[in-house]
Structures are given as C-alpha cells and as structure tokens.
Amino acid sequence: MSSVSGQTDSRCSWCLGSELYRRYHDTEWGVPCRDSVQLFELISLEGAQAGLSWITILNKREGYRRLFSGFDPEKVARLSDKALDRIANDASIVRHRGKVESVRRNARAWLSLRESGQSFSDLVWAHVEHQPLDNAFRQMSDVPALTEPSTRMSKQLKKLGFSFVGPTTCYAFMQAAGLVNDHLVTCPRHAEVNKC
C-alpha cells in the first residue's frame, strides 16, 4: 500500500499513480450511470483505450470531448470523412484512424437503437438485470478482465453495428459505468458506491 500524509492509502491500487487517476477513482469510477449519452462517451473512451493504459485516455479525455462535440451522438454521426481525417491527426487524442472511425460508427448504431425505440442505457443495463453487480474482490488479481455478461454485451453490440467493443472493453465499460462495483472491499469507495 502506498502512503499519503503518513497514512496507509486503502484505495484501489490502480489509481495511485497520479492525482488525476485518484480524482477519477474517487468521484467517477464505478458510480452507476444510466444516462445514455454519458454511456456513449464511456463506451467510446473505453474503445479508444484498447491496448493502452486508462491514464492515457484520461489525460486526453478533454481532447476527445472537444473533437467529438461532447459526445453528442447526433453531431458525431454526421461527421464527414474529412472531419475524421482532421480528428485522427489531432495530437490531443490517440491518433488511431480505426478508433476514431469507430466513434462515428458507434454514434450511428446508438441512433439506430434509439430510433427502434430502445435506449442505449436500457440495452446495457439489461445485462445486469438493471441492478449493479456488487463484487467483493479483496485484491486486484481477483478482478477478471472479462465476464460472461461482458461477453454477451460485446456480441450484442457488435450485432447492432458497434465496433471496438470486445468483451474486455465491455467489462472495463461496465466497471467505469457502475454496472459492476469492482472497487476492492478494502477501498472506502466500495461501500460509498453501493449507496449511489
């Protein structure tokens, strides 16, 4: 455990590398989110993270928000190929053309889902029966990289036209959006998140 002001820090160890990471852990990660637009942002950022560290994406999150119009699905869906070229060359985000294109593709799939009468929030929350799964992991090595629900979610999202939504990405999304509570039981946020 690391020490802060001479006291043992009982937060989840993954967040102890920077103040930005700690703030994200302490205020956002694992808090149940049911807003479809915010969930669109999260799934987009988790897709951008594939193969990278989350702190890389967290450091670039404001760049993503600026370039993708605050992750407004309607605006993102209308982006031209020329706009995607410009975005993919902007150093304020991860410059990976496939990941940039996936945000537009996912916005279009998100809109198709809405047009069919279903919300993105209802779709993803159905994978946990609309209630956060409260895990009770004691150490980071106990936390899985993917689960049966994340694998099901991945298959469903791909079938609907989403991309960069593999089972591991979907599980990271579920953790971030509070569909599962994967704060370690020794972390103060585990109990706090359960009250949200």
Side-chain angles (χ1 to χ4, degrees), residues 1-5 7-33 35 37-71 76 84 87-103 106 124 132-133 135 137-147 150 153-154 157 162-193 196:
M1 296 281 177
S2 85
S3 179
V4 177
S5 302
Q7 297 181 357
T8 300
D9 193 331
S10 57
R11 290 179 178 99
C12 300
S13 60
W14 59 261
C15 76
L16 301 177
S18 76
E19 182 56 33
L20 178 62
Y21 236 174
R22 281 190 291 275
R23 275 197 316 272
Y24 172 72
H25 169 274
D26 292 354
T27 61
E28 295 181 57
W29 193 74
V31 175
C33 174
D35 180 276
V37 175
Q38 289 176 7
L39 290 168
F40 171 67
E41 175 179 330
L42 279 175
I43 199 75
S44 298
L45 293 175
E46 292 294 349
Q49 188 226 337
L52 303 169
S53 67
W54 181 243
I55 192 65
T56 298
I57 303 305
L58 208 52
N59 280 319
K60 293 179 177 285
R61 181 165 61 171
E62 292 310 315
Y64 278 98
R65 286 173 171 168
R66 176 177 52 81
L67 293 169
F68 287 107
S69 304
F71 289 98
V76 174
L84 292 184
I87 291 169
N89 285 309
D90 193 306
S92 67
I93 65 164
V94 174
R95 291 178 284 184
H96 183 291
R97 178 62 191 227
K99 290 179 178 181
V100 167
E101 286 179 3
S102 78
V103 180
N106 293 347
V124 298
L133 300 177
N135 292 320
F137 300 124
R138 300 199 70 75
Q139 50 194 16
M140 292 306 303
S141 60
D142 295 334
V143 181
L146 56 91
T147 60
S150 77
M153 181 188 292
S154 171
L157 291 176
F162 288 81
S163 61
F164 280 90
V165 288
T168 301
T169 295
C170 283
Y171 194 66
F173 165 72
M174 291 171 75
Q175 292 172 310
L179 280 77
V180 296
N181 181 358
D182 274 358
H183 285 281
L184 301 182
V185 292
T186 53
C187 174
R189 289 295 291 161
H190 185 271
E192 291 167 5
V193 162
C196 293

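Here the structure is a predicted model, which is why all the values come from computation and not from measurement. Heavy-atom basis, side chains included; hydrogens, waters and symmetry copies ignored.
Glu46 CD to Glu41 CD: the interatomic distance, rounded to the nearest 0.5 Å, is 10.5 Å. Cys12 contributes atom SG, which lies 5.5 Å from atom CH2 of Trp29 (distance to the nearest 0.5 angstrom). Rounded to the nearest 0.5 Å, atoms CE (Met153) and CE (Met174) are 4.5 Å apart. Of the inter-residue distances, the one linking Thr186 atom OG1 with Arg11 atom CZ reads 12.5 Å to the nearest 0.5 angstrom. Summarising the geometry, atom CZ belonging to Arg61 is positioned 8.0 Å from atom CG belonging to Leu42; distances are rounded to the nearest 0.5 Å. Atom OG of residue Ser13 and atom NE2 of residue His25 lie 9.0 Å apart, to the nearest 0.5 angstrom.
Take Tyr171 and apply the ring-ring contact (aromatic ring centres under 6.0 Å, His included) test, not counting sequence neighbours, and it matches no residue. Looking at residues two or more places apart in sequence or on another chain, you find a side-chain contact (heavy atoms from CB on, under 4.5 Å) between Ser44 and Phe40, Phe71, Val103. Partners of Ser69 under the side-chain contact (heavy atoms from CB on, under 4.5 Å) rule, at least two apart in sequence or in another chain, are Lys75.
Gln139 contributes no side-chain N or O that, together with a main-chain N or O of Asp142, makes up a donor-acceptor pair within less than 3.5 Å. A donor-acceptor contact shorter than 3.5 Å links the side chain of Thr27 to the backbone of Arg23. No donor-acceptor pair under 3.5 Å is formed between the side chain of Ser150 and the backbone N or O of Thr168. Put simply, the side chain of Lys99 never gets that close to the backbone of Phe164: no donor and acceptor are under 3.5 Å apart. One N or O on the side chain of His190 and one on the backbone of Asn135 form a donor-acceptor pair closer than 3.5 Å. Counting only distance, with no hydrogens or angles, the side chain of Arg95 and the backbone of Ala88 share no donor-acceptor pair below 3.5 Å.
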| said: Quick one, Tyr64 with Ile57, criterion side-chain contact (heavy atoms from CB on, under 4.5 Å). Give me CA distance, side-chain angles, the key distance, then yes/no. | reply: CA-CA 9 Å; Tyr64 278 98; Ile57 303 305; 4.3 Å; yes
| Verdict with supporting geometry, Val100 and Ile93, side-chain contact (heavy atoms from CB on, under 4.5 Å) | CA-CA 9 Å; Val100 167; Ile93 65 164; 3.8 Å; yes
| ring pair (Phe, Tyr, Trp, His ring centres under 6.0 Å) between Tyr21 and Trp54, intermediate numbers included | CA-CA 9 Å; Tyr21 236 174; Trp54 181 243; 8.2 Å; no
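Side-chain atoms of Met140 and Leu184, non-hydrogen and from C-beta on, do get closer than 4.5 Å to each other. Under the 4.5 Å side-chain criterion, counting only non-hydrogen atoms from C-beta, Val165 is not in contact with Phe173.
Nearest heavy-atom pair across Ile55 and Ser18 is CD1-OG, 3.5 Å. Shortest non-hydrogen contact noted between Pro32 and Pro132 is CG-CG, 4.0 Å. Here the shortest heavy-atom pairing between Ser163 and Asn106 reads N-OD1, 2.7 Å. Heavy-atom minimum distance, Pro188 versus Ser10: CD-OG, 3.4 Å. The two residues Gln38 and Cys33 have their closest heavy-atom pair at OE1-SG, 3.4 Å. When every heavy atom of Thr147 is checked against every heavy atom of Pro144, the shortest pair comes out as CG2-CG, 3.8 Å.
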